[in-house]
Amino acid sequence: MMQQLQLDKAKQIYTKWNELKQTRSLGFCSSIQQAEFLANYFNDQGANALALTSQIIVEKKVYGC
């Protein structure tokens, strides 16, 4: 039941985004799990989406002086 509610909400969000999209979009989620779920849903629909969270490790390049 919960999974179906998530899918229904993701579909609504994607449909609205698809109507209004420009060149780039930024969405805010209430949890990391929700962000990853929506990014996966958007990717499954053919959009190029990324969930940017505090759990992402970014490789830093250190330049010498």
Side-chain angles (χ1 to χ4, degrees):
M1 179 72 170
M2 184 61 133
Q3 181 70 14
Q4 185 60 42
L5 290 173
Q6 289 175 328
L7 285 173
D8 289 345
K9 185 53 99 175
K11 183 178 180 181
Q12 290 175 349
I13 293 168
Y14 179 79
T15 299
K16 193 58 155 178
W17 170 80
N18 205 30
E19 289 174 16
L20 302 174
K21 70 181 177 182
Q22 299 285 316
T23 56
R24 294 184 182 163
S25 301
L26 178 64
F28 292 91
C29 297
S30 59
S31 69
I32 291 170
Q33 181 181 6
Q34 183 186 45
E36 291 172 345
F37 178 84
L38 284 174
N40 288 334
Y41 183 85
F42 272 56
N43 285 318
D44 289 345
Q45 303 310 308
N48 187 15
L50 170 70
L52 183 60
T53 71
S54 62
Q55 293 183 346
I56 290 180
I57 299 171
V58 178
E59 183 179 321
K60 294 182 180 181
K61 293 184 179 180
V62 179
Y63 297 97
C65 297

Euclidean distance, Q33 CD relative to Q6 CD, rounded to 0.5 Å:
6.5 Å
Is the number of heavy atoms from other residues, nucleotides or ligands within 6.0 Å of CD (Q45) greater than 12?
yes
Can you check side-chain contact (heavy atoms from CB on, under 4.5 Å) on K9 and Q34, steps first, answer last?
CA-CA 11 Å; K9 185 53 99 175; Q34 183 186 45; 6.0 Å; no
With rounding to the nearest 0.5 Å, note down the distance linking CD1 in I13 to CG in N18.
13.5 Å
Heavy-atom pair of closest approach, residues N43 and A49:
OD1-N, 2.8 Å
Run L7 and F37 through side-chain contact (heavy atoms from CB on, under 4.5 Å) and show every step you take.
CA-CA 9 Å; L7 285 173; F37 178 84; 3.9 Å; yes
Please report the interatomic distance CZ(F42) to CG(L50), rounded to the nearest 0.5 Å.
13.0 Å
Which label fits W17 and Y14: parallel for a plane angle under 30°, tilted from 30 to 60°, or perpendicular past 60°?
tilted
Assess whether atom CG of N48 is packed by more than 12 heavy atoms of other residues, nucleotides or ligands within 6.0 Å.
no
For the residue pair A51 and A35, what are the closest heavy atoms and their distance?
CB-O, 3.6 Å
